[in-house]
Amino acid sequence: MTDNTSNHDNTAGDGARERILGTPSGTEGALTEVGPGDHRGHSGPYPAAETHTHTEEEQRKGERVAALWFTLAFLAGIGFLVSYFLFPPGPDGEPAIAAPAIGKLSNLALGGTLAVALFAIGAGMTVWTRRVMPHYEVSSPYDEMPSPAAEKRSFSDFFMRGGEESGITKRPLMRRTLLLSMLPLGLAPILLLRDLGPLPRNELHKTPWQRGQRMVVEGSEREILASDLEEGGMITALPSVPEGEHLTLDEQAQSVILLIKMNESEFGERMTGERLNWTHDGIVAYSKICTHVGCPAALYEQTTHRILCPCHQSTFDATNAAEVVFGPANRPLPQLPLTVDGEGYLVADGEFSSAVGPTFWDAERDV
C-alpha cells in the first residue's frame, strides 16, 4: 500500500519516499526513515524503519498452532475424498445420491468437509502471518520504471531474504503440514473427473431412428403417409415404437424431426445428389433440435421456407440443407434420410447426417 500524500512529481534525488505499509504497528507516531544498510536487527528484504519481531518461543508456539490447523485441513480433505466414494452406484448403475435423503446427506458431507479444509488452511496461514512472521513498516524511493540492471541482478538475494524471513525455510513443521494440507485438495479435481463418466465414443451420434422405421405424428400414434403432407405443409414427427413401449424424454429429444414438403424445384445448391436421395416427392426431414443450445426450432415460415428457433433466433433455410442464414448457430440442422415403404408410409432410410443437438468437438464427424 502506498502513501498517496507523497508528491508523485518528485525526482529520484529530492529525498521523497513512498511508504509501503505492512501490518500496522501497535504504537502511534511518525516513522523514522533509515538508510538502505540499516536494518535495525531486521534481516528481511526491505530496510525497516520499525520492526516488531516475535521471540523464538512465540514463533515456535505459532508454528505449532499453524501446523495444527494445517493437519486439521489435511484430515478434512481426506474426509472430503471419503465422502465422495461413500455412496457408490447401485447394482443397476443408478447413482445412490438419486435418492433425495442420500443426496442431501452426500451434499452435507462433501460441503462440510470441504468448508472445514478451506477454513483450516486460511486459519493456519493467518496464524503463520501474525505469530511467526515479523511485522514492520518500510519505506522505499519512488523509482521510475523499469528497474535498473543492478536492482534486477539483486532480485535473487531479495527473494531469498524474503523467504527466510517468512519462516518457510526454517520452520519445517509448518512447511510440511501446509503441503500436506494441500494434497487432498490437489487430488480432488482429478477424482471428480470420474463424475464425467466413460468416454461417449459414438453415443452422441446415435438416435432411436433405424432404417425402415415408420414416422408418427408427435403426441399421437398416427403413422404418417407421404400423401398426408401438402406442398408448404409441416409436421412434427417421432419414430414409431411397438405397442406398449414409449420413448423416453431423452430419446424424443434425440429423434424429433420436422417433415416439410415443398416443390422440388425450390431446393438450393447445398442439396446435393446424395441429399436429394434422402427426400421423397419434395418431403425433407430435419432435426427439430437447434444446433446452438438445443432448443426446439419449432417455427416454420411457409413462404420463405425458413425454420426459426425462438430461443436465440437462429434461422435455417429448409430449401438449402437447413443452412444457417441468421443467428448464433454455427452448423445446419441434421437431415434424416427418408423414403416410403410398400404401403406408402414415410420411413427412415438411415441415421441423421450429423449429430443432433448443440455443437460439440466432432459433431459433424462421419460415423
Side-chain angles (χ1 to χ4, degrees), residues 206-243 245-264 266-267 271 275 278-327 329 331-341 343-358:
K206 294 181 179 179
T207 71
W209 285 108
Q210 297 179 7
R211 190 181 301 275
Q213 192 169 20
R214 289 183 176 181
M215 304 175 180
V216 298
V217 177
E218 183 184 26
S220 74
E221 297 181 359
R222 185 171 70 83
E223 296 177 338
I224 303 173
L225 290 163
S227 57
D228 289 339
L229 278 92
E230 299 180 352
E231 190 171 308
M234 186 270 286
I235 295 177
T236 301
L238 288 168
S240 175
V241 295
E243 187 176 353
E245 296 183 13
H246 300 280
L247 294 172
T248 66
L249 290 178
D250 282 345
E251 290 172 334
Q252 291 182 43
Q254 292 171 343
S255 57
V256 65
I257 58 172
L258 297 173
L259 290 171
I260 300 171
K261 183 170 183 178
M262 65 190 75
N263 192 303
E264 291 181 313
E266 296 180 282
F267 285 128
M271 293 296 290
R275 286 185 176 272
W278 294 346
T279 68
H280 174 77
D281 192 25
I283 301 174
V284 62
Y286 296 114
S287 170
K288 188 179 178 180
I289 305 303
C290 181
T291 54
H292 177 219
V293 292
C295 295
L299 304 179
Y300 174 64
E301 188 177 34
Q302 187 182 59
T303 55
T304 61
H305 301 300
R306 299 291 170 87
I307 302 169
L308 174 68
C309 176
C311 290
H312 305 98
Q313 287 70 56
S314 291
T315 307
F316 308 87
D317 186 356
T319 66
N320 209 23
E323 178 185 24
V324 181
V325 294
F326 181 79
R331 66 185 179 96
L333 296 173
Q335 183 178 348
L336 180 72
L338 60 80
T339 186
V340 294
D341 62 13
E343 300 179 48
Y345 287 99
L346 290 174
V347 298
D349 196 29
E351 265 286 7
F352 283 102
S353 57
S354 60
V356 171

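- Side-chain contact between Met215 and Val347: absent, with no pair of heavy atoms (C-beta onward) separated by less than 4.5 Å.
- Asp281 places none of its side-chain heavy atoms less than 4.5 Å from the side chain of Leu229.
- Atom CD of Glu323 is separated from atom CD1 of Ile307 by 12.5 Å, given to the nearest 0.5 angstrom.
- Side-chain contact between Arg275 and Ser353 is present, with at least one heavy-atom pair separated by less than 4.5 Å.
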| Would Met271 and Glu264 count as a side-chain contact (heavy atoms from CB on, under 4.5 Å) if you check the C-alpha gap in whole Å, the side-chain angles of each, and the deciding distance to 0.1 Å? | CA-CA 10 Å; Met271 293 296 290; Glu264 291 181 313; over 6 Å; no
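- Within the 3.5 Å criterion, the main-chain N or O of Glu218 finds no donor-acceptor partner in the side chain of Thr236.
- Distance alone, capped at 3.5 Å, places no donor-acceptor pair between the Thr303 side chain and the Glu301 backbone.
- With Gln302 contributing its side chain and Gly232 its backbone, the two residues share a donor-acceptor pair below 3.5 Å.
- Between the CG atom in Asn263 and the OG1 atom in Thr319 there is a gap of 11.5 Å [rounded to 0.5 Å].
- Between the side chain of Glu351 and the backbone N or O of Thr207 there is at least one donor-acceptor pair closer than 3.5 Å.
- Across Pro310 and Leu299, no two heavy atoms sit closer than the pair CB-CD1, 4.2 Å.
- Between Ile257 atom CD1 and Ile289 atom CD1 the span is 11.5 Å, to the nearest 0.5 Å.
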- Query: Given the rule in the side-chain contact (heavy atoms from CB on, under 4.5 Å) test, do His292 and Cys309 qualify, once you have shown the distances and angles that lead to the verdict?
  - Reply: CA-CA 9 Å; His292 177 219; Cys309 176; over 6 Å; no
message = Evaluate Glu343 against Glu223 for side-chain contact (heavy atoms from CB on, under 4.5 Å), listing each step before the verdict.
response = CA-CA 11 Å; Glu343 300 179 48; Glu223 296 177 338; over 6 Å; no
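- Between the side chain of Arg306 and the backbone N or O of Phe316 there is no donor-acceptor pair closer than 3.5 Å.
- A side-chain donor-acceptor contact under 3.5 Å links Gln213 to the backbone of Ser240.
- Using modelled atom types, no side-chain atom of Trp209 and backbone atom of Pro239 make a donor-acceptor pair closer than 3.5 Å.
- Taking all atoms of both residues into account, the shortest heavy-atom contact from Leu258 to Ala297 is CD1-O, 3.4 Å.
- The CG atom of Leu346 sits 5.0 Å away from the CD1 atom of Ile283 when rounded to the nearest 0.5 Å.
- Residues Glu251 and Val241 are not in side-chain contact: their nearest non-hydrogen atoms beyond the backbone lie 4.5 Å or more apart.
- Looking only at side-chain heavy atoms (C-beta outward), Val284 and Met262 come within less than 4.5 Å of each other.
- Put simply, NE2 on His305 and NZ on Lys261 are 12.5 Å apart, with the number rounded to the nearest 0.5 Å.
- Taking each heavy atom of Ala318 and Ile260 in turn, the nearest pair found is CB-CD1, 4.0 Å.
- Summarising the geometry of Val216 relative to Ser220, their closest heavy-atom pair is CG2-O, 3.9 Å, with the distance given to 0.1 Å.
- Atom CG of Leu338 and atom CH2 of Trp278 lie 11.0 Å apart (nearest 0.5 Å).
- Side-chain atoms of Ser255 never come within 3.5 Å of backbone atoms of Pro208 as a donor-acceptor pair (strictly under, hydrogens ignored).
- For the pair Thr291 and Pro334, the tightest heavy-atom approach, listed with the atom from each and the gap, is CG2-CD, 4.1 Å.
- For the pair Ala329 and Val324, the tightest heavy-atom approach, listed with the atom from each and the gap, is O-CG1, 3.4 Å.
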